[in-house]
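Atoms considered below: every heavy atom in the structure, side chains included; atoms not considered: hydrogens, waters and symmetry mates.
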Amino acid sequence: MLRGNQWKKKQLLIVSRDQALIDSITEKVSVVYEVTTEAAIHAAFNCALSLLPDTILFDKTSYNKVTDFKNLKNFKSTHFLTRSYLLVLSKREEIPMLNRRYKSIIDEFIPAIQDDERIAERIKKASFKNQVNFNYWYECFMGLFNLMAKPVLLLQQNAVLGMNDSFKKTFKIEQKDGLKLTDFVNIENKAKLKSSIRNFVRGKHHKAVTHTSILIGNDKVRNARISLSKLSRNITDQFIMIIDFAGEEYSINQAIGSRAGQIEKCFEENSELAEFCFTKREKEIMELLCKGYKTKEISETLFISPKTIEKHRSNIIKRTNSETILESVVFALNHKLIQSPFS
């Protein structure tokens, strides 16, 4: 027999004007959920902020206005509510359109043609789908994310997962979809930056500090001190970058770019981040690849096993953030990191 809080019901918020549906669903999921209901969407949002439900069921069939459904975005705009599993009950013919427009905020659609028993089963299954690992420090930090005065990015490798309000205001950005860290750094050799970031993520160090130039417009840059910090070893590849601007903004000119002093020192000043370079053996292999040598021929020429060659090829691809060895070779030639066979 379980005692105390060893077993606790999850929280379900139902947003609907259909009282018959509410009563039926409540009865069928009561073993798993404590159920709270709201008819008004704005009231439901305020209720969700207080309740922090594990699952939210939004009955689209109860609301006809387009704006009613758009207000549902609020349920995923607040950090602690992104952990809620959002189910939408809708007419079958509306689901494809809603999925295209709101795919990023809705976890699952339920066709309204299903009977209450099946709807209840889908809701109960959602309780298991939403069993995510809770990291206390990560959740606390994300709760304070938008209160920080300095521009802050949440990153996974080079990809931007989130940005606080200060960052959005500084860079005048609304959407983060598809944005990369390299989009904000005035550096032509972006592979060097990505490689450095990868080394930081994979390394044992929890923090790093360096200086670089940050793009704040199409032709404006500012010097900045950037601090990188991992939130936890349990958050795979996720870390934050805090920006401290130094000095006034200035226009890009010939003195600023990949050869500028502050760019050349980017990450080099921090021993925790490795400099981008190829080993002597990697250069030899790429130069032979340029000449059309196959793995067997490279093995015979350099007196190393095919297995060792494949390991070097894999390292070259990772180091250049490429998909294939051909892309890596082209990158090396373009940046004069290896000698061209045609020179």
Side-chain angles (χ1 to χ4, degrees), residues 2 5-63 68-136 138-139 142-143 161-162 177 234-236 238:
L2 296 173
N5 290 327
Q6 287 180 280
W7 187 84
K8 186 178 180 180
K9 288 185 180 181
K10 293 181 178 293
Q11 296 292 328
L12 169 66
L13 172 62
I14 300 177
V15 186
S16 176
R17 293 171 179 162
D18 186 342
Q19 192 59 47
L21 173 70
I22 292 172
D23 292 342
S24 178
I25 296 300
T26 300
E27 179 185 358
K28 292 175 173 59
V29 303
S30 59
V31 175
V32 179
Y33 288 102
E34 290 282 354
V35 181
T36 303
T37 65
E38 284 290 350
I41 298 176
H42 289 294
F45 175 63
N46 292 328
C47 176
L49 287 177
S50 173
L51 185 65
L52 298 181
D54 299 277
T55 306
I56 300 172
L57 174 66
F58 181 77
D59 177 17
K60 172 65 170 63
T61 62
S62 292
Y63 305 91
D68 287 336
F69 196 77
K70 286 183 177 180
N71 287 332
L72 200 64
K73 287 184 177 181
N74 292 332
F75 286 83
K76 288 289 185 175
S77 66
T78 303
H79 164 65
F80 289 107
L81 291 182
T82 60
R83 299 179 64 246
S84 301
Y85 195 86
L86 180 56
L87 294 141
V88 171
L89 181 67
S90 176
K91 295 178 182 178
R92 182 182 289 275
E93 60 270 21
E94 293 180 337
I95 291 178
M97 179 272 293
L98 295 174
N99 190 38
R100 286 194 302 271
R101 293 184 180 179
Y102 305 102
K103 185 178 181 179
S104 62
I105 65 170
I106 296 171
D107 296 294
E108 187 177 345
F109 286 97
I110 302 177
I113 60 171
Q114 294 189 4
D115 57 41
D116 292 353
E117 189 68 44
R118 289 186 179 182
I119 294 172
E121 287 301 315
R122 296 278 288 273
I123 295 172
K124 284 189 280 188
K125 285 181 179 179
S127 70
F128 297 101
K129 294 179 181 179
N130 198 29
Q131 289 181 348
V132 296
N133 294 325
F134 182 80
N135 183 291
Y136 177 79
Y138 176 83
E139 296 293 336
M142 292 305 296
L161 299 182
D177 295 341
N234 298 323
I235 307 296
T236 306
Q238 288 190 19

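Within the 4.5 Å cutoff, the side chain of Tyr63 has heavy atoms near those of the Ile41 side chain. In this structure the side chain of Leu13 reaches within 4.5 angstrom of the side chain of Cys47, judged on heavy atoms. Residues Leu87 and Ile56 fail the side-chain proximity criterion, which asks for heavy atoms closer than 4.5 Å.
A donor-acceptor contact shorter than 3.5 Å is absent between the side chain of Ser62 and the backbone of Ser16. Side-chain atoms of Thr26 come within 3.5 Å of backbone atoms of Ile22 as a donor-acceptor pair (strictly under, hydrogens ignored). At least one donor-acceptor pair under 3.5 Å links the side chain of Asp107 to the backbone N or O of Leu86.
Within a 6.0 Å sphere centred on CZ of Arg101, heavy atoms belonging to other residues, nucleotides or ligands number 12 at most.
Atom CG of Leu57 sits about 7.0 Å away from atom CD1 of Ile25, to the nearest 0.5 Å.
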Could you list the donor-acceptor pairs under 3.5 angstrom formed by side chains in residues 91-100, with sequence neighbours left out?
{"unit_1": "Glu94", "atom_1": "OE1", "unit_2": "Ser90", "atom_2": "OG", "d": "3.2"}

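Here the closest heavy-atom approach between residue Lys124 and residue Lys28 is recorded as NZ-O, 3.6 Å.
For residues 29-42, the side-chain hydrogen bond (donor to acceptor under 3.5 Å, both in side chains) pairs, not counting sequence neighbours, are Tyr33-Thr55.
When only modelled atom types and interatomic distance are considered, Thr61 and Asp59 share a side-chain donor-acceptor pair under 3.5 Å.
Looking at residues two or more places apart in sequence or on another chain, you find a side chain to side chain contact (heavy atoms under 4.5 Å, CB included) between Gln114 and Ile110, Pro111, Arg118, Ile119, Arg122.
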